[in-house]
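These notes are about the structure you will find just below.
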Protein chains: 2
Amino acid sequence: MANTEQLIMQRLGETGIRYSAGRKALIRALSKADGPRSAAELYEDLGRTIPLSSLYRSLAILDKTEVLSPHHGVKGVTRYELAEWLTGHHHHLVCISCGTVDDITPPPDLEADLESVVKSLTSSGRFFPRGHALEIEGICSECA
Amino acid sequence: MANTEQLIMQRLGETGIRYSAGRKALIRALSKADGPRSAAELYEDLGRTIPLSSLYRSLAILDKTEVLSPHHGVKGVTRYELAEWLTGHHHHLVCISCGTVDDITPPPDLEADLESVVKSLTSSGRFFPRGHALEIEGICSECA
DNA sequence: TTCCTTGCAAACGATTTGCATTGGA
DNA sequence: TCCAATGCAAATCGTTTGCAAGGAA
């Protein structure tokens with residue numbers, strides 16, 4: 001999706017945030033990944049060319065501007081992925097052994113079921129839903 | 001549930017783990033809570049009578065024996081709740097602002113839908129599911 | 001006596017921040 | 001020029017661990 005970067009540049013331009021070379025590399029690494037990535041993982045993905053502190057800062061900024069969304073997984077590490085308005089809605093397979101997260105896309109009719117589940121669960125009026133996440137926890141093929 | 005403690009004592013007894021006064025207090029605090037609690041929150045709940053290190057150790061042991069199950073939420077903190085074989089299956093409302101987590105129990109027919117979603121998503125054979133978690137993310141009434 | 005548990009302090013790992021420097025519009 | 005971005009090091013925060021003392025079986 002060459003278009004994804006266009007959308008990101010546009011979003012960032014609106015708020016005076018620069019789409020620097022480092023951030024471009026970060027975004028491309030995330031685009032290639034098949035699931036959310038932590039700062040440490042991105043550090044390796046990028047050949048340790050960008051210091052961790054810069055990665056953390058960029059991740060925080062891109063999170064705040066909703067270009068990325070965080071995923072809080074096993075072992076207290078935060079992983080980030082492109083926000084759903086860029087990638088489309090999806091869910092996660094989470095390995096409870098190594099913490100790896102893979103994306104999965106549910107068939108549309110099943111997703112409709114999920115939506116109705118969410119709606120019926122939040123009809124109390126005491127909670128204002130922004131989204132939902134179906135996390136399927138188990139053991140990945142690497143750890144099995 | 002006076003019966004819950006019986007079940008826990010029995011489970012611990014099988015593995016030479018003691019149900020000490022501190023752990024009893026911890027379990028009772030979790031029983032009263034309406035959602036998963038972090039070590040720091042339990043520390044406060046218990047009037048700071050049990051040091052954090054003891055709480056962390058007990059939480060780790062009770063996790064390993066599957067009396068508790070962990071929830072990895074906002075801000076990289078781990079919260080624990082009684083395992084589902086003690087409390088029944090349920091899901092979570094997660095406040096993306098303050099990190100608070102509340103339990104919700106889905107109507108049985110909707111839960112059946114969820115089960116079928118999970119089954120259809122994991123039919124690839126490359127992932128071995130242990131459970132699922134539907135996290136509904138949004139803003140709680142406190143933060144709204 | 002034999003282990004498990006507890007407390008305190010030190011150690012750790014992930015993440016954040018202060019500060020001086022660099023770089024782009 | 002002006003402000004955002006970067007790099008390094010130090011600081012924070014949640015969590016873990018070493019070790020010696022306390023307690024239950």
Side-chain angles (χ1 to χ4, degrees), chain A residues 5 8-29 36-65 67-80 98-101, chain B residues 8-27 29 36-65 67-80 98-101:
Chain A
E5 293 207 38
I8 292 173
M9 287 185 63
Q10 181 179 337
R11 165 68 63 105
L12 294 182
E14 292 165 5
T15 34
I17 292 169
R18 294 178 193 155
Y19 193 44
S20 65
R23 290 177 187 169
K24 196 170 301 191
L26 193 169
I27 291 292
R28 290 190 177 160
R37 306 287 278 163
S38 68
E41 288 163 349
L42 289 166
Y43 180 64
E44 297 301 328
D45 292 347
L46 297 172
R48 309 185 186 182
T49 54
I50 301 176
L52 276 170
S53 65
S54 292
L55 287 176
Y56 278 112
R57 259 193 275 242
S58 290
L59 290 170
I61 283 185
L62 294 170
D63 180 2
K64 208 157 296 176
T65 49
V67 168
L68 302 183
S69 55
H71 179 271
H72 302 280
V74 183
K75 281 183 336 178
V77 300
T78 302
R79 290 160 207 267
Y80 293 89
C98 66
T100 300
V101 181
Chain B
I8 293 174
M9 287 185 63
Q10 181 179 336
R11 163 69 63 107
L12 295 183
E14 292 164 5
T15 34
I17 292 168
R18 294 178 192 154
Y19 193 46
S20 65
R23 289 175 189 172
K24 195 170 303 192
L26 193 170
I27 292 291
R37 304 288 276 163
S38 69
E41 288 164 348
L42 288 166
Y43 180 65
E44 297 300 329
D45 291 348
L46 296 171
R48 308 184 185 184
T49 54
I50 301 177
L52 276 170
S53 65
S54 293
L55 287 176
Y56 277 112
R57 259 193 277 243
S58 289
L59 290 170
I61 283 184
L62 294 171
D63 181 1
K64 208 156 297 176
T65 50
V67 168
L68 302 182
S69 55
H71 179 272
H72 303 280
V74 184
K75 278 185 337 175
V77 300
T78 302
R79 290 161 208 267
Y80 292 90
C98 66
T100 299
V101 181

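When the P atom of C:dG18 is taken as reference, atom OH of A:Y56 falls 18 Å away, rounded to whole Å. Atom C1' of nucleotide C:dT15 and atom CG of A:D63 are separated by 13 Å, given to the nearest angstrom. If you take OH of A:Y43 and C1' of D:dC8, they are 12 Å apart, rounded to a whole angstrom. The separation between B:L12 atom CG and C:dC3 atom C1' is 16 Å, rounded to whole Å. If you measure from atom CZ of B:R48 to atom C1' of C:dC8, you get 18 Å, rounded to the nearest angstrom. Here C:dA14 presents its P atom at 11 Å from CD of A:E41, a figure rounded to the nearest Å. We find that CG of A:L52 is positioned 20 Å from P of D:dT12, with the value rounded to whole Å. One interatomic measurement links the two molecules: CD1 of A:I61 to P of D:dA4, which rounds to 9 Å at whole-angstrom precision.
B:I17 comes within 4.0 angstrom of sugar-phosphate atoms only, judged by non-hydrogen atoms across all strands, and of no base. Heavy atoms of A:S53 sit under 4.0 angstrom from at least one base atom. Among the heavy atoms of the strands, none lies under 4.0 Å from A:S38.
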| remark: With sugar-phosphate taken as primed atoms, P, OP1 and OP2 and all else as base, the protein-contact string of nucleotides 19-25 of chain C at under 4.0 Å (heavy atoms; B, S, -) is B---BB-

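Contact annotation: A:T78 reaches the phosphate of C:dT15 (side-chain N/O to OP1 or OP2, under 4.0 Å). Residue A:S58 places none of its side-chain N or O atoms closer than 4.0 Å to OP1 or OP2 of D:dA4.
With respect to the salt-bridge test (charged N to carboxylate O, under 4.0 angstrom), the residues A:R79 and A:E41 qualify.
Counting heavy atoms from C-beta on, the side chains of B:L42 and B:Y80 never come closer than 4.5 Å.
Place B:R23 and A:R79 on DNA chain C by their nearest nucleotides, and B:R23 ends up nearer the 5' end.
Residues A:P36 and A:V101 approach most closely at CD-CG1, 3.5 Å, considering heavy atoms.
Interatomic distance, A:L59 CG to A:T78 OG1, rounded to the nearest 0.5 Å: 9.5 Å.
Of the residues A:R28, A:R23, A:K24, the one that meets the salt bridge (charged side-chain N to carboxylate O under 4.0 Å, His left out) test with A:E5 is A:R28.
Side-chain atoms of A:R11 never come within 3.5 Å of backbone atoms of A:V67 as a donor-acceptor pair (strictly under, hydrogens ignored). The backbone N or O of A:L55 lies less than 3.5 Å from no partner atom in the side chain of A:S58, so there is not a single donor-acceptor pair.
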